[in-house]
Amino acid sequence: MPFDRTIKIAPSILSADFADFGREIRAIEAQGADWVHVDVMDGHFVPNLTFGPPAVKAFRPHVKTVMDVHLMIAPVDPYIEAFADAGSDLITAHVEAGPHIHRTLQAIRATGVKAGIALNPGTPAEAVEPLLDLVDMVLVMTVNPGFGGQSFLDMTAKIARIRAMIGDRPVHIQVDGGITPQTAPLVAAAGADVLVAGSAVFKGGSVATPEPYGANIAAIRDAATRA
Ligand code: DX5
Ligand code: ZN
């Protein structure tokens with residue numbers, strides 16, 4: 001995973017066909033996805049349930065790019081090893097998920113997996129300032145996590161502040177929630193380089209007709225790159 005700040009599109013498989021993850025993952029990668037974003041929800045930290053480590057492990061052989069695992073779970077520490085063993089390339093935990101975030105980030109890095117820190121829309125940029133030397137990515141949520149298809153909350157000022165705090169550290173800024181060709185230029189101009197999109201990537205396509213995935217990915221990438 002060499003570091004660069006070019007725009008990367010990470011489709012969220014939360015919007016895929018849940019009976020066909022292997023083919024969906026291969027389809028989005030063939031259609032230009034840079035990373036594959038896996039949304040893990042526990043019905044406690046967020047009001048929805050999705051995947052555990054065995055499902056993530058089953059996705060692994062299908063992912064040829066980067067398996068980017070977003071943990072929306074609390075507590076998070078007891079599950080880090082299992083998600084690392086499942087083959088995650090990057091594990092992101094929420095700063096709101098527990099009282100000892102340094103321990104969480106150290107635990108992720110101790111497994112050899114890259115570490116991300118996520119902030120809910122209501123959490124200020126300053127919450128990540130003491131953590132920037134412990135992470136490979138900051139995820140600025142642009143919706144309250146829990147569901148795909150919600151509308152974008154404007155976090156551009158927060159993204160710009162975090163981009164300035166990062167300076168020349170090799171730390172990505174990811175955004176997640178409500179990303180479309182309309183909102184992508186706003187977050188890219190503010191400093192985000194990894195754009196998660198669920199509904200805006202999967203809409204109009206299927207494993208049988210995957211070309212719309214490619215057009216949707218290209219439209220988001222082009223809009224962000226022009227910003
Ligand atoms: C939100 C999830 C997102 C979500 C994005 O809780 O973390 O990854 O799937 O979905 P869209 O792009 O549809 O807003
Ligand atoms: Zn996510």
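Residue numbers start at 1 and run along the sequence shown. Since the structure is predicted, the reported quantities are computational estimates derived from the model, not experimental observations. Counting starts at 1 for both ligands and their atoms, following the listed order.
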Could you tell me whether [X] and [Y] make a salt bridge, using a distance below 4.0 angstrom between a side-chain N and a carboxylate O?
X	Y	value
R23	D17	no
D77	R103	no
D34	R221	yes

Could you name all protein N, O or S atoms found under 2.8 Å from the Zn ion (ligand 2)?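 Short answer, with waters excluded from the count: H37 NE2, D39 OD1, H70 ND1, D176 OD2.
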Counting both backbone and side chain atoms, is some N or O of [X] under 3.5 Å from an N or O of ligand 1?
X	result
G178	yes
S15	no
G146	yes
D176	yes

Which of the atoms in ligand 1, numbered in the order shown and given with their element, are less than 4.0 Å from a heavy-atom of [X]?
X	result
G148	10 (O), 13 (O)
V196	8 (O)
H70	7 (O)
H37	8 (O)
P145	6 (O)
M41	6 (O)
G177	14 (O)
S12	8 (O), 9 (O)

Yes or no: does A200 have any heavy atom under 4.0 Å from an atom of ligand 1?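 Not so, A200 does not reach ligand 1.
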Compute the centroid of each ring, for H62 and then for F21, and state whether the two points are separated by less than 6.0 Å.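 No; F21 has its ring centre 6.0 Å or more from that of H62.
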Verify whether the ring centers belonging to F51 and F83 lie closer than 6.0 Å.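 Not under 6.0 Å, so no.
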Is the CD atom of E81 crowded by more than 12 outside heavy atoms at less than 6.0 Å?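 Counting other residues, nucleotides and ligands, CD of E81 stays at 12 neighbours or fewer.
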Output the distance between atom [atom1] ([X]) and atom [atom2] ([Y]), rounded to the nearest 0.5 Å.
X	Y	atom1	atom2	result
K158	T123	NZ	OG1	5.5 Å
T65	I28	OG1	CD1	7.5 Å
K114	S88	NZ	OG	13.5 Å

Donor-acceptor check, side chain of D136 to backbone of A115, threshold 3.5 angstrom: yes or no?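 It does hold such a pair.
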Distance-only, no hydrogens or angles: does the Q174 side chain make a donor-acceptor pair with backbone N or O of V140 under 3.5 Å?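 No.
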Considering non-hydrogen atoms of the protein only, which is the closest contact for [atom], and what is the distance?
atom	answer
atom 13 (O) of ligand 1	S199 OG, 2.3 Å
atom 1 (C) of ligand 1	F147 O, 3.7 Å
atom 12 (O) of ligand 1	G198 N, 2.7 Å

Can you sort out the partners of S199 under side chain to side chain donor-acceptor pair (under 3.5 Å), two or more places apart, ordered by chain and number?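 For S199 there are no side chain to side chain donor-acceptor pair (under 3.5 Å) partners, ignoring immediate neighbours.
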Side-chain donor-acceptor contact under 3.5 Å, H70 with D68: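 Checked: H70/D68 side chains show no N/O donor-acceptor pair below 3.5 Å.
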With the side chain counted from C-beta on, respond yes when V36 and V66 share a heavy-atom pair under 4.5 Å apart, and no when they do not.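 They are not in side-chain contact.
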